[in-house]
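Residue numbers count from 1 along this sequence.
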Amino acid sequence: MRRRKTVFVDADILVVGGGMSGCGATYESRYWGRDLKIVCVEKANIERSGAVAQGLYAINCYMGMQWNENQPEDHVRYARNDLMGLVREDLGYDIARHVDATVHKFEEWGLPIMRDPETERYQREGKWQIMIHGESYKPIVAEAARKAASEVYNRIMVTHLLLDKRRNRVAGAVGFNVRTGHFYVFRAKAVIVTAGGASHIFKPRAVGEGMGRTWYAPWSSASAYALPILVGATMTQMENRIVLTRFKDGYGPVGAYFLHLKTYTQNAYGQDYETFWRDSIEQLVGDYVNKHPVPTCLRNHALLEEVKAGRGPIRMVTMEAFKDPHKETVGWENFLGMTIGQAVVWASQNIDPKEINPELTTSEPYVMGSHATCSGAWASGPEDCAPSEYQWGYNRMMTVEGLFGGGDAIGGSAHKFSSGSFTEGRIAGKAAVRYVNEIGKERPEVSEAECEDLKKAIYKPMENYAIGRNEIVSGTVSPSYILPIHGLQRLEKIMDEYVGGIGAYYTTNEPLLTRGLELLGMLKEDLEHLGAEDLHQLQRAWELHHRVLASECVTQHTMFRKETRWPGYYYRADHPKLDDKDWHCFTLSRYDRHSGKWELEKAPVYHIID
Ligand SMILES: Cc1cc2nc3c(=O)[nH]c(=O)nc-3n(C[C@H](O)[C@H](O)[C@H](O)COP(=O)(O)OP(=O)(O)OC[C@H]3O[C@@H](n4cnc5c(N)ncnc54)[C@H](O)[C@@H]3O)c2cc1C
């Protein structure tokens with residue numbers, strides 16, 4: 001085996017992932033921990049990493065308390081309704097009460113926020129959204145984190161967390177530099193995981209040359225879930241995958257179109273179809289369909305049923321709005337600051353929204369914790385408002401001592417978006433500083449033998465390739481290894497066909513899930529034979545490991561919840577209705593990495609806001 005340099009880094013607080021939440025965690029840790037060593041480690045470069053890499057056009061979570069526009073309680077009610085009753089209200093309330101202060105900081109740091117010329121308030125796009133000139137949103141936020149951190153390590157893919165060799169508490173993390181190949185051991189008193197959500201676990205609509213085109217960032221590789229799962233952290237709501245209605249082929253956002261441009265949808269025959277489906281949806285989910293706004297998944301459901309009834313494609317009616325030059329500009333700018341690809345797709349498909357109403361479609365499912373969905377780790381809540389059953393330590397600490405999280409990593413708290421994720425990172429950072437101060441000089445101990453074993457395991461795909469390439473039969477194909485891209489495509493196919501992806505109209509049942517788990521088990525065995533020809537492929541190999549473990553967790557949760565709570569996100573055909581009597585609860589799972597077994601249980605949902 002080629003010798004690789006090992007670099008040891010000691011820290012008080014280690015932040016894994018420098019996206020929105022990671023930048024918030026780094027910034028706030030410094031504020032409360034002036035003398036602490038705060039290290040942020042990121043697989044890309046925090047300047048342009050994560051889901052906000054290419055910028056945003058709106059901040060989707062802003063209360064506007066200074067103008068009495070909304071109160072935190074209103075946001076909890078909104079998120080609870082959208083998630084059909086199941087949110088951690090303590091976590092959501094905690095974010096909502098602090099998020100405005102975060103947005104004010106962004107503005108202070110140079111983010112241009114649009115203002116209403118008449119009221120001089122922030123320009124609203126909708127009840128919760130404000131409009132920004134956000135092409136440089138991420139670099140602005142990253143600058144604050146860079147100045148706050150003791151050290152930022154870019155280009156390091158974190159593969160595993162480390163536990164204290166004496167007890168169940170976190171001790172750091174390991175990974176490798178994707179450019180130099182050096183092995184890194186980070187030893188820390190507290191770790192905050194903020195490594196983003198998961199795309200590419202279900203087969204995407206765009207395959208082949210278009211496979212990089214997904215709605216959630218293609219580099220969101222489920223590390224935020226796999227890292228805590230591997231050390232035994234309890235997870236929640238992993239069945240609550242998200243499906244988005246977006247402009248076809250480019251995944252361009254529709255929020256500004258609906259809310260600001262006041263465009264609307266219709267079927268292929270120019271009819272408003274949502275009302276057709278109201279009664280049948282009521283039979284499935286009861287009164288949730290009568291709530292305002294109608295939950296996101298139910299709007300997806302109406303679209304899907306309409307297409308299944310043969311009256312597709314569904315179109316966004318843009319031709320009226322785009323006659324107004326101001327609205328036309330806003331429509332295009334909305335893409336140029338956030339999803340340039342959609343503008344390019346329209347240009348390449350001869351779509352001028354002034355002349356043609358563009359098609360909408362539903363995306364493949366993603367797993368994330370910060371949008372209209374709330375998969376992630378089960379976290380301890382805020383001391384002043386979390387019910388006692390949701391409190392076992394410090395705010396945002398997972399069920400492993402010293403391990404914190406924010407953004408997509410934390411479950412149960414939907415609708416945080418970019419500003420709420422940064423805010424949750426801040427909350428986690430503050431709590432982690434308190435934890436570190438309270439444990440004082442006592443440092444967790446890392447097992448040297450474990451680090452050596454992990455080092456061997458991490459570079460194994462390169463060894464597999466070095467040996468297996470001697471048997472290449474054609475191109476890069478060898479009987480002795482599988483390439484990361486092949487493993488990824490196999491994963492996507494399993495998830496699509498058995499766990500409710502686009503190919504199955506988001507539908508699954510117990511026999512399908514059972515077979516899906518068997519096939520995932522075989523895929524896991526084959527991951528031992530991954531082959532990586534260079535460091536780039538080694539990163540792909542570990543991203544695949546993380547995606548597979550997160551997928552297994554999603555499948556276990558989907559099997560456990562015997563109802564269809566979120567039609568439009570996924571369907572359990574064997575339990576087609578919402579069942580509030582038995583399933584108005586969270587699902588929790590815990591993985592045992594030694595036995596490979598999962599344990600699942602229910603946890604109560606407490607409504608602390610009326
Ligand atoms: C297309 C799109 C449109 C959106 N629109 C809006 C909008 O209009 N308004 C809004 O407010 N929000 C919007 N969002 C949501 C917002 O971007 C997310 O809620 C937010 O970025 C989540 O923050 P996070 O820190 O959890 O994840 P991210 O910001 O994605 O950060 C995760 C970080 O972890 C790093 N990482 C991952 N794995 C590893 C690893 N193994 N080792 C080291 N580093 C790792 C990643 O590179 C990344 O930097 C949108 C998102 C997308 C994708």
How far does CG of Leu544 sit from CG of Leu488, to the nearest 0.5 angstrom?
6.0 Å
Can you check salt bridge (charged side-chain N to carboxylate O under 4.0 Å, His left out) on Lys416 and Glu424, steps first, answer last?
CA-CA 8 Å; Lys416 342 183 214 213; Glu424 196 170 42; 2.6 Å; yes
One pair to check against side-chain contact (heavy atoms from CB on, under 4.5 Å): Ser419 and Cys61. What are the steps and the verdict?
CA-CA 6 Å; Ser419 48; Cys61 183; 3.4 Å; yes
Sub-6.0 Å ring centroid separation between Tyr435 and Tyr394
yes
So, Lys203 and Glu492, do they make that salt bridge, N to O below 4.0 Å?
no
Do you know which two heavy atoms are closest between Ile46 and Ala142, and how far apart they sit?
O-CB, 3.3 Å
Is Lys165 salt-bridged to Glu450, cutoff N-O under 4.0 Å?
no
OH (Tyr481) and NE2 (His529) are apart, to the nearest 0.5 Å, by 14.0 Å
Inspect the contact between Asp249 and Arg213 and indicate whether a charged nitrogen and a carboxylate oxygen are less than 4.0 angstrom apart.
no
For Arg187, give me all partners under salt bridge (Lys or Arg N to Asp or Glu O under 4.0 Å), at least two apart in sequence or on another chain.
Asp10
Would one find more than 12 heavy atoms of other residues, nucleotides or ligands at under 6.0 Å from atom NZ of Lys460?
yes
Distance-only criterion, 3.5 Å: show the donor-acceptor pairs between side-chain atoms of residues 497-505 and protein atoms not counting sequence neighbours.
from	atom 1	to	atom 2	distance (Å)
Glu497	OE1	Lys493	NZ	3.4
Glu497	OE2	Lys493	NZ	2.8

For atom CD of Glu471, is the number of surrounding heavy atoms from other residues, nucleotides or ligands below 6.0 Å larger than 12?
yes
d(His557 NE2, Glu239 CD) to nearest 0.5 Å is 6.5 Å
If you take all heavy atoms of Arg593 and Leu230, which pair is closest and at what distance?
CD-O, 3.1 Å
Could you walk me through whether Phe417 and His371 pass ring-ring contact (aromatic ring centres under 6.0 Å, His included), step by step?
CA-CA 6 Å; Phe417 296 98; His371 210 272; 4.6 Å; yes
Less than 4.0 angstrom from a charged side-chain N to a carboxylate O is my criterion; do Lys138 and Glu47 meet it?
no
Output yes when Glu599 and Lys597 qualify as a salt bridge under the 4.0 Å nitrogen-oxygen rule, no when they do not.
no
Any carboxylate oxygen within less than 4.0 angstrom of a Lys/Arg side-chain nitrogen, looking at Glu442 and Arg167?
yes
Donor-acceptor check, side chain of Ser199 to backbone of Ala217, threshold 3.5 angstrom: yes or no?
yes
Regarding Glu364 and Tyr366, do their side chains bring together a donor and an acceptor under 3.5 Å, going by distance alone?
yes
By the definition ring-ring contact (aromatic ring centres under 6.0 Å, His included), identify the one residue from Trp583, Phe586, Trp598 that meets it with Phe560.
Trp583
Are Trp566 and Tyr506, when compared by the centres of their aromatic rings, separated by less than 6.0 Å?
no
Please step through side-chain hydrogen bond (donor to acceptor under 3.5 Å, both in side chains) for the pair Thr508 and Tyr570, ending with a clear verdict.
CA-CA 8 Å; Thr508 185; Tyr570 79 94; over 6 Å; no
How far apart are the C-alpha atoms of Thr214 and Ser363, what are their side-chain angles, what is the distance that settles it, and do they pass the side-chain contact (heavy atoms from CB on, under 4.5 Å) test?
CA-CA 8 Å; Thr214 50; Ser363 73; over 6 Å; no
If you count heavy atoms of other groups shown closer than 6.0 angstrom to CD of Glu448, is the number above 12?
no
Approximate separation, where rounding is to 0.5 Å, of Ile242 CD1 and Ser375 OG:
9.0 Å
I'd like to know whether Thr245 forms a side-chain contact (heavy atoms from CB on, under 4.5 Å) with Thr361, so could you lay out the CA-CA distance, the side-chain angles of the two residues, the decisive distance to 0.1 Å, and finally the verdict.
CA-CA 6 Å; Thr245 297; Thr361 193; over 6 Å; no
For Arg515, is the CZ atom crowded, meaning more than 12 foreign heavy atoms sit under 6.0 Å from it?
yes
How long is the gap from CD1 on Ile472 to OG on Ser478, to the nearest 0.5 Å?
6.5 Å
Polar side-chain atom of Asp408 near backbone of Gly369 as donor-acceptor pair, under 3.5 Å
yes
Identify the heavy atoms of Asp164 and Ala171 that sit nearest to each other, and give their distance.
N-CB, 3.5 Å
Can you give me the closest heavy-atom contact between Ser551 and Ile201, atom names plus distance?
OG-CB, 3.5 Å
Between Tyr225 and Ala550, the two heavy atoms sitting closest are CB-CB, 4.2 Å
Arg241/Thr558 under side-chain hydrogen bond (donor to acceptor under 3.5 Å, both in side chains): CA gap, chis, key distance, verdict
CA-CA 10 Å; Arg241 70 293 283 281; Thr558 309; 2.9 Å; yes
Using 4.0 Å as the upper bound for N to carboxylate O, is an ion pair formed by Arg469 and Glu533?
no
Please evaluate residues Thr362 and Arg205 with respect to the criterion side-chain hydrogen bond (donor to acceptor under 3.5 Å, both in side chains), reporting the C-alpha separation (whole Å), side-chain torsions for both, the decisive distance (0.1 Å), and the verdict.
CA-CA 9 Å; Thr362 49; Arg205 286 203 183 271; 3.2 Å; yes
To the nearest 0.5 Å, tell me how far Arg547 CZ sits from Leu523 CG.
13.0 Å
Please name the pair of heavy atoms, one in Leu14 and one in Gly172, separated by the smallest distance, quoted to 0.1 Å.
CD2-C, 4.4 Å
Assess the residue pair Lys37 and Asp12 against the criterion (salt bridge (charged side-chain N to carboxylate O under 4.0 Å, His left out)); give the C-alpha distance rounded to whole Å, side-chain angles, the decisive distance to 0.1 Å, and a yes or no.
CA-CA 5 Å; Lys37 183 164 176 195; Asp12 292 301; over 6 Å; no
Between Gln556 and Glu552, a side-chain donor and acceptor under 3.5 Å
no
Let me see the working for Ser223 and Lys43 under side-chain hydrogen bond (donor to acceptor under 3.5 Å, both in side chains), right down to the final yes or no.
CA-CA 11 Å; Ser223 300; Lys43 73 175 178 180; 5.3 Å; no
Phe186 and ring-ring contact (aromatic ring centres under 6.0 Å, His included): which partner among Phe176, Phe8, Tyr153?
Tyr153
Begin from the C-alpha positions of Lys189 and Leu36 and carry the test side-chain contact (heavy atoms from CB on, under 4.5 Å) through to its verdict.
CA-CA 11 Å; Lys189 292 179 182 170; Leu36 298 184; over 6 Å; no
Just say parallel, tilted or perpendicular for the rings of Phe422 and Tyr27, cut-offs at 30° and 60°.
tilted
